[in-house]
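Each remark here refers to the structure printed beneath this line.
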Amino acid sequence: MTTIRTLVWGEFRHEKKNPKVAKIYPDGMHETIAAFLRRDPSLKVSTACLDQNQHGLTAEVLDETDVLVWWGHMAHGEVADEVAERVRRRVLEGMGFIALHSAHYSKVFKGLMGTTCSLKWRESTDKERVWVIAPLHPIAAGLPSHFELPAEEMYSEPFGIPDPDELIFISWFTGGEVFRSGATWRRGNGRVFYFRPGHETYPSYHQAEVQRVITNAVHWVRATVRIPDSCPSTPALEPLPPDPDAEDRSSIAHT
Ligand code: ZN
């Protein structure tokens, strides 16, 4: 059995500031997510958070990570550009990346998407109905045709993302809006999955269907290759005709 080295990254700020959030997630949202992932024996799960040295995302840690799960909200701007770029490059090499809820506005996700990633939102009394529109997709394995979160923050289209490679979930909210709530992209050699639920004041990460989706997604985005970026000059595989400009060309620096 292949072990998938999974790192759950949490901002871990709301839990320290808001007693309501602390009550739902006493050890932090990242620890709740890590705890249900650990029930899967094929996952080796660790956690990291914003206030650690380099946000717990050193090159050494990323070297040992096949999948990074990311929850951030109030402190996207405190993530160092250098660290966000390190994570983005690691995804291009092959690491899987799962962006949860307000991670749509994280530096890493926006950097991978290259678009605004903006949306409309509302904190009110909406419920969310998540429709499975790609039931054959491995991320939807074991799910019913739809499931409901009794209370959630509303996110609405237009969602400023590039067209997904695959759209797996669409959410409907009590107020009438819809949102592309589960989508995948390939970026370089890495796979990216965005999943919408998980506002900090609701117990969404305790809900079985949400746990199923995230667990399935870890398997689906897992790194299968690691190909560091390079742009080398390369010798021909077959003999080439004589090159009359070889001397001139050798004096030009290529990058
Ligand atoms: Zn939220």
Side-chain angles (χ1 to χ4, degrees), residues 4-11 29-30 33-34 37 43 45 48 55-57 61-73 76 79 81 83-119 130 132-134 136-141 143 155 157-171 179-198 205 210-229:
I4 305 173
R5 300 166 299 179
T6 306
L7 178 61
V8 181
W9 189 90
E11 198 176 84
M29 304 174 80
H30 55 301
I33 294 165
L37 289 175
L43 309 186
V45 184
H55 318 315
L57 299 168
V61 167
L62 293 177
D63 280 348
E64 302 294 318
T65 301
D66 298 313
V67 175
L68 178 58
V69 182
W70 191 283
W71 193 100
H73 181 217
H76 293 315
V79 174
D81 290 343
V83 175
E85 177 57 15
R86 182 186 301 150
V87 173
R88 193 187 70 86
R89 269 191 276 113
R90 182 73 183 91
V91 174
L92 299 182
E93 290 176 352
M95 182 180 73
F97 186 75
I98 299 175
L100 296 175
H101 188 59
S102 38
H104 72 93
Y105 250 10
S106 62
K107 288 183 180 180
V108 176
F109 185 70
K110 290 174 77 171
L112 287 165
M113 295 295 110
T115 54
T116 64
C117 300
S118 297
L119 46 79
V130 181
V132 178
I133 63 163
L136 287 182
H137 197 284
I139 293 178
L143 293 173
Y155 277 9
E157 298 286 341
F159 186 15
I161 47 173
D163 287 345
D165 294 339
E166 300 162 301
L167 188 55
I168 303 168
F169 305 115
I170 291 178
S171 287
F179 187 75
R180 288 170 288 175
S181 53
T184 73
W185 298 263
R186 268 204 311 264
R187 286 294 181 268
N189 301 296
R191 289 174 165 185
V192 178
F193 176 59
Y194 173 78
F195 189 47
R196 198 218 76 86
Y205 295 125
V210 171
Q211 296 181 356
R212 178 82 266 148
V213 170
I214 296 170
T215 306
N216 287 346
V218 167
H219 283 265
W220 190 80
V221 303
R222 77 190 186 284
T224 54
V225 296
R226 179 168 190 181
I227 304 175
D229 182 37

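To the nearest 0.5 angstrom, W9 atom CH2 is 10.0 Å from H30 atom NE2. Between the CG atom of L43 and the OG1 atom of T6 there is a distance of 4.5 Å, given to the nearest 0.5 Å. Remark: I4 CD1 to T65 OG1 distance equals 12.5 Å, nearest 0.5 Å. Separating the CZ atom in R86 from the CG atom in L62 is a distance of 7.0 Å, to the nearest 0.5 Å. In this structure, L100 CG and I33 CD1 are separated by 5.0 Å, a value rounded to the nearest 0.5 Å. We find the CD1-CG distance between I98 and L68 to be 9.0 Å, quoted to the nearest 0.5 Å.
Evaluation of the side-chain hydrogen bond (donor to acceptor under 3.5 Å, both in side chains) rule for R5 yields E64, D66 as partners, not counting sequence neighbours. Listed by chain and residue number, R90, R226 satisfy the salt bridge (Lys or Arg N to Asp or Glu O under 4.0 Å) test with E93 (two or more places apart in sequence, or in another chain). For T224, the side-chain contact (heavy atoms from CB on, under 4.5 Å) partners are R222, not counting sequence neighbours. Contacts of A134 classified as side-chain contact (heavy atoms from CB on, under 4.5 Å), with partners at least two apart in sequence or in another chain: H137, I168. Listed by chain and residue number, nothing satisfies the side-chain hydrogen bond (donor to acceptor under 3.5 Å, both in side chains) test with S102 (two or more places apart in sequence, or in another chain). With sequence neighbours left out, the side-chain contact (heavy atoms from CB on, under 4.5 Å) criterion links A99 to F97, A103, F109, Y194. The side-chain hydrogen bond (donor to acceptor under 3.5 Å, both in side chains) search around H55 returns none, not counting sequence neighbours. Residues satisfying the salt bridge (Lys or Arg N to Asp or Glu O under 4.0 Å) criterion with R212, sequence neighbours excluded, are absent altogether. Residues satisfying the salt bridge (Lys or Arg N to Asp or Glu O under 4.0 Å) criterion with D165, sequence neighbours excluded, are absent altogether. Remark: R191 engages R186, W220, V221 in a side-chain contact (heavy atoms from CB on, under 4.5 Å) (not counting sequence neighbours). By the side-chain hydrogen bond (donor to acceptor under 3.5 Å, both in side chains) test, S118 is found to be paired with Y105, residues two or more places apart in sequence or in another chain being considered.
Here H101 and F195 keep their ring centres 6.0 angstrom or further from each other.
Nearest approach of A183 to F193, heavy atoms of both residues: O-CD1, 3.2 Å. Minimum interatomic distance between I161 and C117 (heavy atoms only, all atoms of both residues): CG2-SG, 4.4 Å. Looking at every heavy atom in both residues, S181 comes nearest to V130 through OG-CG1, 4.2 Å. Contact between F159 and R180 at its shortest, heavy atoms only, is O-NH2, 3.0 Å. The two atoms that bring T115 and P162 nearest to each other are OG1-CD, 3.3 Å, heavy atoms only. Nearest heavy atoms, L143 versus I139: CD1-O, 4.1 Å.
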>> With side chain to side chain contact (heavy atoms under 4.5 Å, CB included) as the criterion, how do F169 and V213 come out once you've worked through the C-alpha distance, each side chain's angles and the decisive distance to 0.1 Å?
In response: CA-CA 10 Å; F169 305 115; V213 170; 3.7 Å; yes
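Counting only heavy atoms from C-beta outward, the side chains of L167 and I133 approach each other to under 4.5 Å. Looking at heavy atoms from C-beta onward, V8 lies in side-chain contact with L37 at the 4.5 angstrom threshold. Considering only heavy atoms from C-beta on, W70 comes within 4.5 Å of S106 through its side chain. Contact check for R196 versus H104: no side-chain heavy atoms found under the 4.5 Å cut-off.
For residues 103-114, the pairs satisfying salt bridge (charged side-chain N to carboxylate O under 4.0 Å, His left out) are D81-K107, with sequence neighbours left out.
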